[in-house]
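Worksheet for the structure shown next.
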Number of protein chains: 2
Amino acid sequence: MGIADDAVEVRAQGWRTLAALHGLIESELERALGSAVDLSVVEYTVLDALNRQDGWHMRMQQLARATALSPSATTRLVNRLEDRALLTRILCADDRRGIYTELTPAGRALYERARPIHDETLERVLAEASAQPELAPVVDALHTAAPVAG
Amino acid sequence: MGIADDAVEVRAQGWRTLAALHGLIESELERALGSAVDLSVVEYTVLDALNRQDGWHMRMQQLARATALSPSATTRLVNRLEDRALLTRILCADDRRGIYTELTPAGRALYERARPIHDETLERVLAEASAQPELAPVVDALHTAAPVAG
DNA sequence: CCTAAATACTTGCACACGCAAATAGAAAGC
DNA sequence: GCTTTCTATTTGCGTGTGCAAGTATTTAGG
């Protein structure tokens with residue numbers, strides 16, 4: 001097996017590791033957030049994204065990018081959260097095709113309740129993952145990840 | 001904001017980066033494998049896992065772990081692949097609860113056809129991701145990931 | 001102006017998933 | 001040996017998702 005073949009195998013192995021770590025974190029967050037505040041991970045992601053805008057609103061499209069979801073899934077995700085009165089749709093005047101979403105007070109309150117659960121779970125899972133030799137290098141690399149632009 | 005708060009934010013940011021990279025790779029693989037050989041990523045994962053056993057068989061449970069899927073999803077995934085004659089179920093004699101799965105020649109042939117697509121796509125996507133400053137550190141860390149046991 | 005193309009979001013539909021219950025077989029207790 | 005318990009897999013059911021088509025609104029062309 002030559003050097004090129006090795007590189008292919010290393011990439012495939014790295015991808016399996018990445019997928020394993022991602023799945024581990026996501027399932028733990030899902031369990032923790034679900035039982036504590038009845039939120040899925042994507043739902044928390046929406047609340048978190050809206051909150052990081054701090055009082056400002058986001059278009060559906062931005063939400064779709066933030067959650068890595070299709071437009072249709074984004075619509076229904078926002079529907080669910082709106083039905084629970086955690087956010088509101090706001091038609092914007094300048095482009096009447098666009099729809100802004102904004103956290104309600106209830107949404108902000110639930111987010112404040114969910115965030116410590118989220119952060120503690122993440123800390124715990126990353127610590128556990130860091131103890132597994134095959135996951136550790138990827139976990140450590142996360143510390144150096146720069147903020148994602150807008 | 002203190003040091004502890006920073007650590008929380010760094011972890012959250014790292015998790016968002018990890019999720020973004022995972023989503024990027026998965027969607028590209030999905031597209032490439034889907035259009036070329038009509039396989040989803042999980043379906044390819046099964047074929048790949050069975051092939052790495054090289055002629056040996058795997059239990060449903062092992063497959064569930066390899067794909068990070070629930071038992072029920074594993075059953076239906078194997079059903080789909082069996083319906084396409086890519087693998088066969090084999091009842092094992094020593095523990096008659098257990099069911100082994102094994103690649104058929106057709107399954108092995110399709111896998112051989114899919115692997116280059118998979119590997120080339122992975123190489124291309126990782127190269128693209130490596131060019132994005134916020135993803136690069138995680139991509140680089142994948143090279144050092146050791147083989148996963150079992 | 002008025003039509004044609006592009007954009008933003010929503011809806012119909014099919015499908016893959018997880019959870020909980022069902023089935024079947026093995027292992028343990030006595 | 002027979003019941004209890006545990007393990008491996010499958011099925012019923014509800015739900016979230018993507019794709020493709022539909023609707024509404026903006027922008028570009030003539």
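Sequence lines set the chain letters: A, B, ... in the order given, protein chains first and strands last, and positions in each chain run from 1.
A:Glu30 places a side-chain N or O within donor-acceptor distance of the main-chain N or O of A:Val41, the cut-off being under 3.5 Å. With hydrogens and angles disregarded, no donor-acceptor distance shorter than 3.5 Å links the side chain of A:Ser130 to the backbone of A:Ala136.
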Atom pairs and distances, donor-acceptor, side-chain atoms in residues 31-38 of chain A, under 3.5 Å, two or more places apart:
unit_1: A:Arg31; atom_1: NH2; unit_2: A:Glu28; atom_2: OE1; d: 3.3
unit_1: A:Ser35; atom_1: OG; unit_2: A:Arg31; atom_2: O; d: 3.3
unit_1: A:Ser35; atom_1: OG; unit_2: A:Ala32; atom_2: O; d: 3.4

Taking distance alone, no hydrogens or angles, what donor-acceptor pairs closer than 3.5 Å link side-chain atoms of residues 110-119 of chain A to residues at least two apart or in another chain?
unit_1: A:Tyr111; atom_1: OH; unit_2: A:Asp48; atom_2: OD1; d: 2.6
unit_1: A:Glu112; atom_1: OE1; unit_2: A:Arg115; atom_2: NH2; d: 3.1

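Here the side chains of A:Leu29 and A:Val125 are not in contact, with every heavy-atom distance at 4.5 Å or above. Between A:Thr121 and A:Ile25, every side-chain heavy-atom pair lies at or beyond the 4.5 Å cut-off.
A donor-acceptor contact under 3.5 angstrom links the side chains of B:Arg89 and B:Asn79, judged on distance only. For the residue pair A:Gln62 / A:Arg65, no side-chain donor-acceptor distance below 3.5 Å is found, with atom types taken as modelled.
The footprint of chain B on DNA chain C, defined by a heavy-atom cutoff below 4.0 Å, extends from C:dA16 to C:dA26.
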Walk me through whether A:Arg124 and A:Glu128 qualify under salt bridge (Lys or Arg N to Asp or Glu O under 4.0 Å). CA-CA 6 Å; A:Arg124 180 177 57 76; A:Glu128 288 169 10; 3.1 Å; yes
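Here the two rings, on B:Trp15 and A:His22, have centers that are under 6.0 Å apart.
When each of D:dT26, D:dT17, D:dT9 is scored by its nearest atom to the side-chain atoms of A:Arg97, the top-ranked nucleotide is D:dT26.
Hydrophobic cluster membership is shared by B:Val42 and B:Leu103, with clusters built from Ile, Leu, Val, Met, Phe, Trp and Tyr side chains linked at under 4.5 angstrom.
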Tabulated below should be each protein N or O lying under 3.5 Å from an N or O of nucleotides 2-4 of chain D; please produce it.
none

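Of the residues in residues 74-93 of chain B, those with a non-hydrogen atom less than 4.0 angstrom from any atom of DNA chain C are B:Arg76, B:Arg80. Within a heavy-atom distance below 4.0 Å of DNA chain C, no residue of residues 22-31 of chain B is found. Heavy-atom distances under 4.0 Å link DNA chain C to B:Val42 of residues 39-48 of chain B, given in residue order.
Using five terminal pairs a side, the axes of the helix from C:dC1-D:dG30 to C:dC30-D:dG1 at its two ends make an angle of 20°, given in steps of 10 degrees.
The stretch residues 66-76 of chain A participates, sequence neighbours left out, in no salt bridge (charged side-chain N to carboxylate O under 4.0 Å, His left out) pair at all.
A straight line from CD of B:Gln61 to P of D:dC6 spans 16 Å, rounded to a whole angstrom. The separation between A:Leu69 atom CG and D:dC19 atom C1' is 14 Å, rounded to whole Å. A straight line from CG of B:Leu63 to P of D:dA8 spans 14 Å, rounded to a whole angstrom.
When the side chain to side chain donor-acceptor pair (under 3.5 Å) test is applied to A:Asp95, the partners found at least two apart in sequence or on another chain are A:Arg97. For A:Arg80, the side chain to side chain donor-acceptor pair (under 3.5 Å) partners are A:Glu43, not counting sequence neighbours. Considering only residues two or more places apart in sequence or on other chains, B:Gln61 meets the side chain to side chain donor-acceptor pair (under 3.5 Å) condition with none of them.
When every heavy atom of A:Ala85 is checked against every heavy atom of A:Ala106, the shortest pair comes out as O-CB, 3.8 Å. In plain terms, the two heavy atoms of A:Val139 and A:Leu126 that are nearest each other are CG1-O, 3.8 Å.
Figure legend: A:Arg59 and A:Tyr100 shown as a cation-pi pair, the cationic atom lying under 6.0 angstrom from the six-membered ring centre and within 45 degrees of its axis.
Residue order along DNA chain D, read from the 5' end via each residue's closest nucleotide, puts B:Gly98 first among A:Asp95 and B:Gly98. The residue among A:Ile99 and B:Pro71 whose nearest nucleotide of DNA chain C is located toward the 5' end is A:Ile99.
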